[in-house]
Amino acid sequence: MSIKERFPDGPEPLYLVDGTSFLYRGFYAYPDLQRSDGMPTNAIFIVLRILLRILREERPKYLGFIMDGKGPTFRHELFEPYKAQRPRMPEDMAVQIDPLREAVQLMGLHLLVSEGVEADDCIASLAARHKEERPVVIVGSDKDLKQCLDEQVVLWDPAGKREKVTTLDIFCEETGLTPAQWPDFQALTGDSSDNIPGIPGVGPKTAEKIMAQAATLEDLRDGGAERLPDKLRAKVTEHMEKVFLYRELTRMRTDCCEEHGLEQLRVQPLHTDDLFDFLTTFEFRSLARDLRSMVPEAPTAAEPVAAATGQASLFGTAAPVPSVPPLTLHKAEQPDQLPNPDDALVGLVSMDNGLRIAVQSREEIGSEQQYTGSLPELIDYLARARTVVCPDVHDLLRSDAAWDALPLERWFDLSLAAYLLNPEERNYSWDRLHQSLFQSDPDDPEGHEPADLHPDAQAGAALLYLERVRPKLHAANLETLLRDVELPLLPVLAAMERQGIHLDKQAFRAFLDEVQERIDELTKEIHELAGENFNIRSSQQMAVVLFDKLGLKPAGKTPGGALSTANQVLEKIRSAHPIVEAILQFRMLEKLRSTYLAPLPRLMDDNGRLHTHFNLTATATGRLSSSGPNLQNIPIRGPQGKRMRACFTATPGNLLAAADYSQIELRVLAHFSQDPALLDAFAQDEDIHSRTAALLFDKDSPQAVSGEERRSAKTINFGLIYGMGPQRLARELQVPLSEAKSFIERYFERLATLKAFYDTIVEDAATHGYVTTLAGRRRLLPGLHSRNQQMVSQAKRQAVNTVIQGSAADVIKLAMLAAHQDTVLQELNAPLILQVHDELLLEASESVALQAGERLVEIMQNVTELRVPLRVDMGVGHNWAEAH
DNA sequence: GCGAAGCA
DNA sequence: TGCTTCGC
């Protein structure tokens with residue numbers, strides 16, 4: 001939704017862009033971006049990208065682009081330290097300002113330079129002046145700007161991955177304040193980036209309390225402070241005078257920039273040719289592309305446009321692929337003029353402004369087009385093709401369930417292909433894959449030159465990418481995995497995501513209230529024990545209080561060298577001071593609150609359900625990941641964990657069934673290693689940790705093992721699975737490093753077959769450069785040949801870990817596919833709704849949930865045959881806790 | 001060990 | 001960005 005759509009039918013909104021803040025942000029966000037002659041262009045790039053996006057998506061009629069002037073402002077006169085800690089603007093940024101101004105004007109936008117005041121003041125003034133007659137959209141991120149919010153004034157931060165819109169309502173809900181109170185609030189807390197100190201020890205939480213007693217600083221001075229606790233009152237009174245000054249600094253003026261009337265802010269037509277030249281001169285190819293997509297008549301690049309020129313064809317090497325005719329962006333009446341797709345390859349790329357299509361048949365590569373027809377028609381059309389090549393099928397399936405209609409065998413997913421070839425890249429976005437076409441790749445056995453490809457040819461580029469990636473997949477034996485597992489999993493995941501899981505809002509709310517109350521109590525208690533108010537969430541402040549002020553003995557350091565306040569460290573000094581206990585409690589509850597209790601309810605849909613994203617290309621081992629929200633790390637242990645999971649419920653009339661593989665990783669390990677002890681233990685369905693403990697501690701039977709011994713064995717068993725090093729093991733077991741090392745030695749002595757297996761994997765990895773899992777998934781391990789011993793050890797552990805964990809991931813993926821396709825579950829109307837690595841959740845009506853759960857167990861247990869049986873535990877209940 | 005997420 | 005903590 002564009003911002004504009006929030007104000008339907010009214011007058012045209014005025015957009016005010018905080019240029020300076022985006023200038024800084026761009027400068028630091030993309031430190032390396034520069035023109036080929038070395039001129040830094042990062043700040044210009046970001047700002048122009050944002051502006052182009054605003055023009056494209058918002059089509060504003062009135063817009064002001066506001067930048068700070070050069071000189072000092074009235075704030076520096078009021079308060080000498082103001083922004084004093086800020087270094088002078090870096091030279092690399094300064095040189096970008098003039099070109100940026102030029103570009104802004106070429107875009108037909110009105111540029112305001114604030115002299116003697118800051119850009120913020122200018123924005124506040126313009127907003128105040130125009131908000132009565134029309135909506136105002138402030139485009140920026142500075143939190144000072146929140147004081148401008150009003151019924152008709154919204155704050156929009158478009159940069160970054162998740163854009164943010166702040167309205168008056170959101171602001172009030174988040175802070176409990178009115179925008180007019182915001183400067184008072186900021187004066188109390190201070191602002192480190194502007195070098196405004198605020199009252200020491202007063203953070204947002206305390207400031208909130210103060211503001212609850214006194215709505216303004218004046219109220220506070222004239223008696224409001226009396227209502228505060230003694231210590232706080234003393235502090236407030238002491239700083240009262242200065243706080244008024246701070247407010248002057250954060251409060252924005254609303255009486256400047258008077259010379260800029262509405263007419264001057266009217267957006268003018270783009271100077272298309274000049275702007276295009278500008279973008280070309282600064283080598284902003286993607287921006288030039290954006291511009292062309294906005295203005296079809298914009299000039300195309302000088303060089304001839306050719307996709308895949310001279311590249312080997314998919315249809316053999318005989319005929320060179322014909323070059324693509326120059327692209328024109330049809331605004332067209334489709335799909336009548338799309339070429340015949342029968343048995344052709346179709347490239348399909350989803351861009352911001354729509355779908356792009358290129359068709360490659362035996363005869364020719366058609367020109368690339370923007371698709372503007374209906375989705376069902378497109379799907380019918382694509383169904384006739386041989387293969388539809390798409391950079392992110394998951395994204396399409398998510399966007400519209402109609403895509404499920406396209407037969408699975410049609411799809412080819414480029415991100416999946418790239419992921420399977422090397423699962424350790426962190427980014428498989430089309431942006432990235434597309435870029436890689438233009439770089440020569442030393443690892444490419446085909447020795448492709450960088451593509452000579454028109455930047456506009458997105459769908460054409462997808463076809464080219466396919467040509468490059470297919471031989472690699474073939475060589476790596478990954479085609480089957482892609483075709484039979486990963487790709488078919490996409491609709492399964494999309495269906496699970498759409499289904500979502502129901503959250504009991506009332507129960508959650510009650511939980512949150514209790515936790516919040518306890519957190520408040522603990523905060524008070526900790527501050528009293530410490531003798532001062534400090535930010536308990538800040539590990540740095542905490543270290544000062546504990547180790548300097550209270551003189552406790554630090555029991556460890558962070559990797560960075562700072563004194564650590566990690567829980568494990570605090571546990572050690574638990575008895576040294578009562579504050580430690582309180583802090584540990586606080587930490588636990590605060591984690592619970594900030595990670596789960598507070599954010600999850602906000603993510604619920606109208607039916608009270610949460611929809612996560614299951615990502616198939618996120619982990620190096622082949623596991624799924626879950627995000628937005630992450631439903632794979634919901635607490636389970638302890639009373640809180642149980643209560644939390646009890647909030648995940650079936651909708652009334654339904655039940656949840658939870659089925660989890662028992663010890664799947666250790667079973668996989670037993671399968672691969674064929675260790676007799678492990679095989680036997682699983683064949684007898686014995687407790688595996690007791691069994692290893694008996695071996696480790698020379699016990700005649702697993703029954704003779706003590707609880708402590710079993711725990712040690714369990715830790716090292718898991719250590720092996722997770723590729724834990726001796727350091728980590730020592731920490732987990734709370735024993736010296738030497739002891740952990742000898743413990744590992746003994747483990748491998750007693751389980752010699754495991755040792756042999758471990759060695760085989762490492763050898764294998766060293767010869768091939770990679771390891772493979774049960775389903776043929778690969779992970780490259782270049783670290784194995786590093787000169788750095790630590791890297792080598794890590795790579796060895798990763799090798800073992802990947803084989804075990806990745807194979808387990810393969811198994812459950814197969815189970816998910818089987819469950820999704822299972823006709824029994826389909827007839828029972830029992831869809832999968834969640835996967836948590838070794839656990840599957842389904843929801844079904846009360847009458848059939850148990851039956852469905854049992855069917856799921858059957859599917860999971862029989863999905864593949866290992867040398868040990870697969871065991872699945874299952875439970876049914878009204879909520880996730882009960883079902884376990 | 002790995003991935004997601006909150007916080008300073 | 002680094003630190004911390006949750007899950008597996």
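Only a predicted model underlies this, so the values are computations on that prediction, with no experimental measurement involved. Values below: all heavy atoms of this structure, side chains included; hydrogens, waters and symmetry mates excluded. Chain letters run A, B, ... following the sequence lines, proteins first and then strands; every chain starts at 1.
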May I ask you to verify if any side-chain N or O of [X] is less than 4.0 angstrom from the OP1 or OP2 atom of [N]?
X         : N      : result
Asn633(A) : dT5(C) : no
Arg587(A) : dT5(C) : yes
Arg637(A) : dG7(C) : yes
Ser625(A) : dA4(B) : yes
Arg426(A) : dA4(B) : no
Gln640(A) : dC6(C) : no

Between [N] atom [atom2] and [X] atom [atom1], what is the distance in whole Å?
X         : N      : atom1 : atom2 : answer
Glu590(A) : dA8(B) : CD    : P     : 8 Å
Phe586(A) : dG6(B) : CZ    : C1'   : 13 Å
Gln585(A) : dT4(C) : CD    : P     : 20 Å
Phe648(A) : dG7(C) : CZ    : P     : 12 Å
Ile744(A) : dG1(B) : CD1   : P     : 11 Å

Legend entry - Along DNA chain B (nearest heavy atom to each residue), the more 5'-positioned of Arg593(A) and Glu424(A):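 So the residue in question is Glu424(A).
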Inset, instruction - Please state whether the rings of Phe508(A) and Phe511(A) are parallel, tilted or perpendicular, taking 30° and 60° as the class boundaries. - result: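 Perpendicular.
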Legend entry - Aromatic plane relationship, Phe757(A) with Phe672(A) - under 30° parallel, 30 to 60° tilted, over 60° perpendicular: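 If you compare the ring of Phe672(A) with that of Phe757(A), the planes turn out parallel.
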For [X], report the nucleic acid contact type (base, sugar-phosphate, nothing); a contact means any heavy atom under 4.0 Å.
X         : value
Leu592(A) : nothing
Ile721(A) : nothing
Tyr596(A) : sugar-phosphate
Ala808(A) : nothing

Legend entry - Residue list, ring-ring contact (aromatic ring centres under 6.0 Å, His included) with Tyr770(A), at least two apart or on another chain: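 Counting only residues at least two positions away or on another chain, Tyr770(A) forms a ring-ring contact (aromatic ring centres under 6.0 Å, His included) with His768(A).
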Legend entry - Distance flag, aromatic centroids of Phe534(A) and His527(A), threshold under 6.0 Å: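 Judged by ring-centre distance (under 6.0 Å), His527(A) and Phe534(A) do meet the cut-off.
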Legend entry - Side-chain donor/acceptor contact of Arg623(A) with base of dC8(C) under 3.5 Å: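 Indeed there is one.
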Inset, instruction - Taking the side chain as every heavy atom from C-beta outward, state whether Tyr419(A) and Leu616(A) have any pair of such atoms under 4.5 Å apart. - result: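 No, every pair of side-chain atoms sits at 4.5 Å or beyond.
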